[in-house]
2 protein chains.
Amino acid sequence: MSLSHAIMTALLDEDLSGYELAKRFDVSLGFFWSASHQQIYKALKQLHESALVSAKDIDQQGKPNKRIYALTDSGRKDLDTWVLGETRTKPAKDELLVKMYNIGRSDLDQIVAKIEVRRGEHVLKLALFRKIESRQYLDPENLPLRKKGVYLALQAGILQTETSIRWCDDSLSLLKR
Amino acid sequence: MSLSHAIMTALLDEDLSGYELAKRFDVSLGFFWSASHQQIYKALKQLHESALVSAKDIDQQGKPNKRIYALTDSGRKDLDTWVLGETRTKPAKDELLVKMYNIGRSDLDQIVAKIEVRRGEHVLKLALFRKIESRQYLDPENLPLRKKGVYLALQAGILQTETSIRWCDDSLSLLKR
DNA sequence: CGGTACATGTAATCTGTTACATGATTCA
DNA sequence: TGAATCATGTAACAGATTACATGTACCG
């Protein structure tokens, strides 16, 4: 399960609770590796049992108590091994593209509407990416090496999102009329 | 399960056996919706039980016998409903992008090598897409509506693959030296 | 003789989703 | 008063992967 490795990657920078990790997986890292809080809590439990992360319970007043997790040395080692190992990619599953094969039989207008919705979502996503970029990554050449990787992941998101918007535009202009 | 809908979509054009469907899911449709033969046989069984597809056993000499599946009217109806319904997309899970966050701690060269491998894979994939394009989709404006959808799905593949290659190039030039 | 293509499956396991559960605090 | 945020989980189910199983024919 490489969700555990994504979690450990998130723990490189800061110690986090399950709840905080779930939020990271909603943005940033989550753009490239999505996970629900249920998955995350379960994975954390296993990581803790394998001693790849350590846990500390924090009492809070006014809020529920929480458990903060931190990478252990053996967690770091495990991460290193994973980074060097086989790298797998699970391609996206996009119902819209399958639906495109159905154009002509079913209602064209409805599919056009779906493409427009898709376009809107990607425009929002791109704006978010650009915001992050302009706040933290204006001068990529002079970033420390560690940050260059994060910057490049962000660029992947930006490029793919721009491409999706372009595809929506091309599709709309071919299908409309 | 919308694997069944992807299968029914593949059956729009021709009647196919499980084995032949599995091959389609290895290329073409499979670029947007991947599935193993085990998944496909299982889904076909269920589709048949629900009478969304019909099956015909074909005796062959020299080869194993096979079952050819065809869409039924109620399968067509079910597909129509699905096309108009909610459209979900599961974003790709890309270990390489998670590994990018680890640059700086672990070996840079190894990650650079992985990006080069990725680039090579995408170059091959693009060549394949371009071949399909040049054989069947040279004049998109004048395609029948039904084929325009398939053409646009192919374009999505082409654009995304080109973008990935560009990302590899950008990354290599930022990380090398 | 070994590999690939043809052809269809079962079983176990791993991952991911949906639904449910609890409960305090803060903001509108 | 109701929704959102903080915080952590369990249970059932759905979907996907890996391993295993079987057997012919054809090509080099």
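Being a predicted model, the structure only gives us computed values, none of them experimental. Proteins get letters first, then strands, A, B, ... in listed order; numbering begins at 1 in each. All heavy atoms count here, side chains included; hydrogens, waters and symmetry mates do not.
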* Within 45° cone and under 6.0 Å: B:K77 NZ/CZ vs B:W82 ring -> no

Between [X] and [N], is there a contact of a side-chain N or O with OP1 or OP2 at under 4.0 Å?
X     : N      : result
B:Y19 : C:dC6  : yes
A:K90 : D:dT17 : yes
B:K93 : C:dG16 : yes
B:R88 : D:dG15 : no
B:K23 : C:dC6  : yes

* Annotated protein contacts, base or backbone, on nucleotides 22-28 of chain C with a non-hydrogen cut-off under 4.0 Å, one of B, S, - each -> -B-S---

* With no hydrogens and no angle check, do the side chains of A:T87 and B:R118 hold a donor and an acceptor under 3.5 Å apart? -> no

* Can a donor-acceptor pair be found between the side chains of B:S2 and A:E95 at a distance below 3.5 Å? ->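 A donor-acceptor contact under 3.5 Å links the two side chains.
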
* To do: Measure from NE2 on A:H5 to C1' on C:dT15 and round the result to the nearest Å.
  =>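 Checked: the NE2 to C1' distance equals 15 Å.
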
* What is the distance, rounded to the nearest whole Å, between atom CG of A:L3 and atom P of D:dA16? -> 17 Å

* **A:E162 bridged to A:K125 by N-O distance under 4.0 Å** => no

* Go through residues 26-50 of chain B and report each residue with a non-hydrogen atom lying under 4.0 Å from DNA chain C, sorted by number. =>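 Of all residues in residues 26-50 of chain B, the ones placing a heavy atom under 4.0 Å from DNA chain C are B:H37, B:Q38, B:Y41, B:K45.
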
